[in-house]
Amino acid sequence: MDVMPQQDPESRRPPEPSPQDPYAMPAEGATAVPPPPPTLRTTLRRAAFGAVAAGVLLAGALVAVPDGDQDAPKEPGPVERAEAAATAGSPASLSDLTALIGDRQKWVESHPDDAPSWATLGSAYVEWGRRSADAAYYGRAEEALKRSLDARPGERGNGEAWVGMAALANARHDFLAAKRWGETVRKQDPKAWRVYPVLIDAYTGLGDVKAATAATEKFGELRKGVPALARTADLYRGQGWREDALATAREAADRATEPTEKAEALHRLGELAWERGEPEEAVAQFDAALRTDSGHHASLAGRARALVALERTDEALAAYQSAVTGLPRPEYVLELGELYESLELDGDARSQYEKLGGLLEQAKAAGVDESVIRARYESDHGDPAVAVELLRGQWKKQHRSAAVADALGWALHRAGKSEEGLEYAQRAVDTGVRNASYAYHLGVIEQMLAQYGPARRHLEEALRTNPAFSPLDAPKAREALETLGEPSPGGPGDTQPPPPAPAPAPKRESEPEPKPERKQEPEQGPKQESPRPEAPAPAPSKTAPAPSKAAPSTPAAVEADASKSP
């Protein structure tokens with residue numbers, strides 16, 4: 001079982017084999033009394049037998065063993081396995097990653113000018129910090145990568161350190177910096193396949209779907225196999241192409257061989273099942289991931305989410321608690337707090353929210369920007385104005401993914417600026433991603449703005465996509481639908497605005513004789529438009545939300561920046 005180290009990975013060394021271990025080889029000189037020397041007769045008999053056996057073995061060897069090294073291949077150790085995983089672009093197990101970190105730490109102590117080893121150590125620190133949710137390792141990663149670049153600058157061929165810096169920036173949610181590092185490497189060597197995963201993450205964080213798609217396709221050209229399939233499945237998932245995402249994710253799971261890689265692939269299938277509103281299938285996939293890798297705590301959190309939908313609450317609480325203990329990611333702590341709140345366990349909910357605050361402070365101290373998670377908490381459980389300020393800052397930094405757009409739209413609505421929030425919420429849904437929370441947020445905002453038809457449609461979409469998408473919000477979605485009631489039984493004709501009434505014919509008292517041709521005038525209609533009920537505004541462009549003319553409190557600088565967004 002992979003266990004997150006509580007101290008420096010270098011100190012985690014396997015214990016010496018116990019003398020009682022039947023599989024342990026005895027130490028040199030372990031036999032206290034040597035065996036007695038054999039007799040002459042025994043010696044001659046053994047020699048004759050040995051000669052015959054040697055002849056038989058030699059003959060067999062000449063037939064069975066090819067030319068070259070006759071030694072059996074050595075079983076790769078944890079360091080070799082971690083290096084092989086990195087070479088293939090696949091995740092290493094945490095135990096192998098720990099061994100690699102310890103090996104490189106020891107090596108650079110006596111070889112301080114070895115730039116590749118420093119780069120490997122820095123990248124391993126980034127991976128460890130990301131997968132263990134321990135942001136303290138990011139500082140170590142930055143120091144190691146800078147040592148690598150001091151020993152050999154990136155311009156002189158140290159692209160591995162530049163890729164490590166891009167991965168570190170992504171881990172800290174500084175997607176603009178990650179983009180700059182990655183594009184520098186790509187410009188220097190367009191066929192360096194290692195740079196494309198970090199570019200995909202950077203473009204996704206910035207909401208640049210076109211660039212992310214191009215990077216994914218290029219990665220698939222340069223690096224075939226499970227890593228490329230996994231990236232392609234994620235791309236399809238983000239664009240709402242469910243069938244394509246599912247087919248590609250299944251292929252990745254079928255082709256994965258290493259336990260860690262297999263668990264990641266099964267976890268992806270569980271996430272897809274959850275988003276489709278199939279909690280039984282999701283639990284099955286998460287269980288399969290945990291059987292493959294018992295330390296895959298992300299699958300524990302996914303399993304807990306699905307168990308809530310199946311109303312297996314006690315099991316869900318236990319799974320969530322194990323997940324946040326082994327992998328204390330802020331989003332898991334927030335989910336557990338909201339589950340407690342939905343069960344009216346207010347004291348337990350407050351404890352989780354306090355824990356969330358501590359994790360966010362630790363992340364901030366380590367240089368990690370967790371503004372989106374904090375804004376989600378503030379919008380529903382704290383001060384929505386704080387959430388708006390945080391997310392406006394994200395938008396200024398060009399972090400314009402669907403997740404940021406949805407969070408900003410919801411925060412503006414909660415802060416009393418529903419008209420402005422509508423544009424961002426619509427933008428999130430227009431990306432095509434099948435996220436029930438996005439549809440719910442848009443439906444509630446439309447209901448507030450008296451756009452009842454679109455509101456009903458999006459609330460129904462949320463519950464159709466995943467009826468149990470949130471223990472707090474799914475019941476609210478059903479309540480909102482009940483408030484809206486059923487649409488008019490007359491069908492679509494009764495839900496459309498009525499046609500404009502023809503204007504009355506002009507008076508012709510002063511005319512001596514009516515002219516027959518004037519009977520055609522009512523068919524032409526008047527020049528001015530007649531008043532009609534307000535219709536839903538057209539969806540904003542998928543490239544940028546147009547600034548709301550009815551939002552009086554929007555700062556000019558932010559609106560100008562939003563209008564220039566790609």
Side-chain angles (χ1 to χ4, degrees), residues 122-123 125-127 129-131 133 135 137-139 141-142 145 154 159 161-188 192-219 230-231 234-235 237-239 329-331 360 363-376 387 389-409 411 424 427-428 431-433 435 438 542-545 558 561-562 564-566:
S123 297
Y125 277 144
V126 173
E127 182 71 1
R130 185 183 67 82
R131 291 175 53 194
Y137 277 84
Y138 297 150
E142 184 174 8
L145 293 167
W162 276 350
V163 172
M165 293 296 282
L168 175 61
N170 278 326
R172 286 174 164 170
H173 301 158
D174 187 355
F175 302 117
L176 272 179
K179 175 184 174 182
R180 288 194 293 267
W181 285 112
E183 290 183 344
T184 301
V185 177
R186 184 178 61 184
K187 183 178 180 180
Q188 186 183 67
W193 65 267
R194 294 175 187 269
V195 73
Y196 287 96
V198 295
L199 278 174
I200 294 168
D201 290 339
Y203 293 141
T204 302
L206 295 171
D208 191 343
V209 177
K210 182 178 179 180
T213 301
T216 303
E217 292 174 350
K218 187 64 175 179
F219 180 59
R231 289 288 181 173
D234 291 341
L235 174 69
R237 176 185 177 186
Q239 295 181 359
R329 288 179 177 168
E331 56 265 36
L360 295 177
K364 184 177 180 180
V368 182
D369 186 354
E370 293 284 11
S371 295
V372 176
I373 294 295
R374 185 184 172 194
R376 283 175 51 191
E389 182 179 359
L390 288 168
L391 293 166
R392 285 196 191 280
Q394 292 291 299
W395 204 259
K396 285 182 179 180
K397 292 195 294 186
Q398 299 182 33
H399 293 184
R400 298 175 182 180
S401 65
V404 175
D406 168 72
L408 179 53
Y424 295 98
R427 176 178 178 133
T431 61
V433 61
N435 189 303
Y438 296 176
K542 293 186 180 182
T543 56
V558 176
D561 182 76
K564 297 178 183 178
S565 63

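As the structure is a computational prediction, the values presented were derived from the model and not from experiment.
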Calculate, to the nearest 0.5 Å, the distance between atoms OG and CD belonging to Ser371 and Glu389 respectively.
10.0 Å

Run the salt bridge (charged side-chain N to carboxylate O under 4.0 Å, His left out) test against Asp208 and tell me which residues pass, sequence neighbours left out.
none

Closest heavy-atom pair and its distance - Val126, Leu168
CG2-CB, 3.9 Å

Roughly how far, to the nearest 0.5 Å, is CD1 of Ile373 from NE2 of His173?
8.5 Å

Taking every heavy atom of Trp181 against every heavy atom of Ala166, the minimum-distance pair comes out as CB-CB, 3.7 Å

State whether the side chain of Tyr138 and the backbone N or O of Arg130 hold a donor-acceptor pair below 3.5 Å, judged by distance alone.
yes

Can you tell me how the ring of Tyr424 sits relative to the ring of Trp395, calling it parallel under 30°, perpendicular over 60° and tilted otherwise?
perpendicular

Supply the atom-to-atom distance Phe175 CZ to Asp369 CG, rounded to the nearest 0.5 angstrom.
8.5 Å

Heavy-atom nearest pair, Gly238 first then Val433, reads O-CB, 3.5 Å

Correct closest heavy-atom pair for Leu360 and Pro330 would be CD2-CB, 4.1 Å

Partners meeting side-chain contact (heavy atoms from CB on, under 4.5 Å) with Ser123 (sequence neighbours left out)
Leu145

Report the distance from atom CG of Asp234 to atom CZ of Arg231, rounding to the nearest 0.5 Å.
7.0 Å

Contacts satisfying salt bridge (charged side-chain N to carboxylate O under 4.0 Å, His left out) that involve residues 168-185 (not counting sequence neighbours) are Glu142-Arg172, Glu183-Arg186

In terms of heavy-atom contacts, Gly154 and Gln188 come closest through O-NE2, 3.2 Å

Working to the nearest 0.5 angstrom, can you tell me the gap between Leu408 CG and Arg400 CZ?
10.5 Å

Can you measure from CG (Leu206) to NE2 (His399) and round to the nearest 0.5 angstrom?
5.5 Å

For the pair Asp406 (side chain) and Ala428 (backbone), establish whether a donor and an acceptor sit closer than 3.5 Å, ignoring hydrogens and angles.
no

Between Lys218 and Leu199, is there a side-chain heavy-atom distance shorter than 4.5 Å?
no

Heavy-atom closest contact (Val372 atom, Gln394 atom, distance):
CG2-OE1, 4.4 Å

